Asks: 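Pasting a structure here, questions to come.
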2 protein chains.
Amino acid sequence: MTTEERRRTDARPRAFEEVLARIEERIAADGLTVGDRLPGERQLAEQLGVGRSSVREALRVLETLGVVTPQAGRGPDAGAVLTSRPGSALTDLLRLHLGLATLSMREVIDTRLMIEQWAAARAATPPPAVSTGTVSTPTATATATATATARMAEAIAAMDAARDPAEFVEHDIAFHLALAEASGNRLIVAVMRALRDAVRRYAVDAVVRLGDTGGLQDDHRRIHRAIEDGDAGAAAAAVAGHLARAYPESGPDS
Amino acid sequence: MTTEERRRTDARPRAFEEVLARIEERIAADGLTVGDRLPGERQLAEQLGVGRSSVREALRVLETLGVVTPQAGRGPDAGAVLTSRPGSALTDLLRLHLGLATLSMREVIDTRLMIEQWAAARAATPPPAVSTGTVSTPTATATATATATARMAEAIAAMDAARDPAEFVEHDIAFHLALAEASGNRLIVAVMRALRDAVRRYAVDAVVRLGDTGGLQDDHRRIHRAIEDGDAGAAAAAVAGHLARAYPESGPDS
DNA sequence: AGACCAAATATGGTCAGACCATACATCCTG
DNA sequence: CAGGATGTATGGTCTGACCATATTTGGTCT
């Protein structure tokens, strides 16, 4: 029958997927950005000709992906607020897939190594002074890098003052996050944050295993100095050495 | 009343979040992995003492994150099947945040550069023969790398035969995806796939702009050869040269 | 006995309607 | 004019009811 054939080719798009597509179109068409609001759930349901539950599922997906944040009450414009939290989705993603044994800790740590090295080299390299293209302020990234390196110094001092491994790791995360921010790439920052959140416990174990944090701090200072000096090669090398120290080759199972 | 006080401190966890947490607990506790099934929606709702709509929203989140796939019909065990599609979530994430102007194309492309370079160096480096640790077959990754390099060669041939930019890019994606797979890191592969999907159109423009694909193919061959020779440095250098050619510095707005 | 087809059944997908708690707007009162 | 009571729209949730589909089951025909 034609029914069967129809079903085959239709690929059965579900209602909430349709809603998702429409909302995405709307964002692109109206040029909506962070801070703007979507219509209320009931209104959207009526506009799109679907039930409210379908709209809700679509909004839940968008919330999961860090695109909207639900806002109750009665605003002048009502509905969900467009936001930007790409990190939360990545964190959830890693946590769940690690739980499912779809990803191994080794893979996550290796990825982290890759990012750190790249970010360090990138942060040390002054922006190539792109004359064409973006209208955005050329000094903006430079300022961002400056505050980021300042935060790195603060983190180093905080690690010196740390009394236990957990506290040390907390500031260590801040240090490496600042490193990522110094690269000026928001996607990298988001991924970095998610990775560190995922391996937080593992990092504490690593610090405990090492016992002495003096070597790590030497590395941190070396990284920080290399970036301030604008020596990309030295920065990358310093990071490589640092991570080799923290996570020596074989992935311990303990 | 205690009701008001309770509300304040509760930080209002929503029902579907509770369901999410419970399902995650269950996965960890029962050691569920890919292929296993969750109870049906109605059954879950009853077990957890919530409405079916809340269960559905939780499952929708899990589906978005690539953890479950809905399965209709009446199986011996019923309900959603645990899967592993970390890529789809990443793809959606990038697409939406690019649409929201939260991420710039430049950031995405830079990230892609980072991954490609790392993957090439990694693929060229033979596994350091870790004597301890994982029980998994030591030859498994080697085999994966071998088939990946073979796919890279196929992709190069296919690009030679390509008649238009779109087709060329299609096989180019296959080539670079195989490169990522050769690194043996599934997280990297997932991110790579999402990145390529996000910049697919942009890549076609780049090819059209270049006009001649001969240089790109030379690069591809150089990368492939370096990996087969196990020369990590040459592989990384080849990738860097390749991407510098494809995306010359300034981000064109066209 | 074996192959094949039809009813039974459980699933996810969807909608409609109702209720709650909250947050904002309004208006009324002091 | 200030401040609190009231109204209203919002998201959050539950219930109950359908639909289309996919598997099972059981019967029927060969």
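Bear in mind that the values here come from a model prediction, so they are computed numbers and not experimental data. Convention: sequence-line order gives letters A, B, ...; per-chain numbering from 1. Below, each value reflects all heavy atoms present in this structure, side chains not excepted, and no hydrogens, waters or symmetry copies.
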Asks: Please work out which residues in residues 18-27 of chain A have a non-hydrogen atom less than 4.0 Å from an atom of DNA chain C and list them by number.
Replies: none
Asks: What is the distance from CD of B/Glu41 to P of C/dT14, rounded to the nearest Å?
Replies: 11 Å
Asks: Going by the rule ring pair (Phe, Tyr, Trp, His ring centres under 6.0 Å), which residues pair with B/His97 if we only count those two or more places apart in sequence or in a different chain?
Replies: none
Asks: When the distance from CG of B/Leu48 to C1' of D/dC14 is rounded to whole Å, what number comes out?
Replies: 15 Å
Asks: Going by the rule side chain to side chain donor-acceptor pair (under 3.5 Å), which residues pair with B/Glu17 if we only count those two or more places apart in sequence or in a different chain?
Replies: B/Arg14
Asks: Tell me every residue that passes ring pair (Phe, Tyr, Trp, His ring centres under 6.0 Å) with A/Phe168, counting only those two or more places apart in sequence or in another chain.
Replies: none
Asks: My understanding is that only residues two or more places apart in sequence, or in another chain, count here; which of them pass salt bridge (charged side-chain N to carboxylate O under 4.0 Å, His left out) with B/Glu18?
Replies: B/Arg22
Asks: According to salt bridge (Lys or Arg N to Asp or Glu O under 4.0 Å), does anything in residues 86-101 of chain A pair up with another residue at least two apart or in another chain? List the pairs.
Replies: A/Asp92-A/Arg95, A/Arg95-B/Glu24
Asks: Figure out the CZ/P separation between A/Arg14 and D/dA20, and round it to whole Å.
Replies: 18 Å
Asks: Under the rule for salt bridge (charged side-chain N to carboxylate O under 4.0 Å, His left out), what residues qualify as partners of A/Arg200, not counting sequence neighbours?
Replies: A/Glu170, A/Asp197
Asks: Between C/dG12 atom C1' and B/Leu38 atom CG, what is the distance in whole Å?
Replies: 14 Å
Asks: Determine yes or no for a side-chain-to-main-chain donor-acceptor pair under 3.5 angstrom, with B/Asp164 supplying the side chain and B/Ala166 the backbone.
Replies: yes
Asks: Only distances under 3.5 Å count here; give the side-chain donor-acceptor pairs of residues 49-59 of chain A to other protein atoms, sequence neighbours excluded, each with its distance to 0.1 Å.
Replies:
from, atom 1, to, atom 2, distance (Å)
A/Arg52, NH1, A/Glu41, OE1, 2.6
A/Arg56, NE, A/Glu41, OE1, 3.0
A/Arg56, NE, A/Glu41, OE2, 3.4
A/Arg56, NH1, B/Glu57, OE1, 3.4
A/Arg56, NH1, B/Glu57, OE2, 2.4
A/Glu57, OE1, B/Arg56, NH1, 3.4
A/Glu57, OE1, B/Arg60, NH1, 2.5
A/Glu57, OE2, B/Arg56, NH1, 2.4

Asks: B/Val50 side chain: which of D/dC14, C/dC15, D/dT13 is closest?
Replies: D/dC14
Asks: What integer distance in Å separates B/Glu46:CD from D/dT13:P?
Replies: 19 Å
Asks: Could you state the atom-to-atom distance from CD of B/Gln71 to C1' of D/dT21 in whole Å?
Replies: 11 Å
Asks: Can you tell me how far P of D/dA9 sits from CD of A/Gln43, to the nearest Å?
Replies: 12 Å
Asks: Sort out for me which residue in A/Val34, A/Thr83, A/Leu187, A/Thr33 forms a side chain to side chain contact (heavy atoms under 4.5 Å, CB included) with B/Thr102.
Replies: A/Val34
Asks: Suppose we call a contact any N or O donor and acceptor under 3.5 Å apart; does that hold for the side chain of A/Arg42 and the base of D/dG11?
Replies: yes
Asks: Round to the nearest Å and state the distance from B/Arg37 atom CZ to D/dA22 atom C1'.
Replies: 11 Å
Asks: Heavy atom of residues 51-62 of chain A under 4.0 Å from DNA chain C: which residues?
Replies: A/Gly51, A/Arg52, A/Ser53, A/Ser54
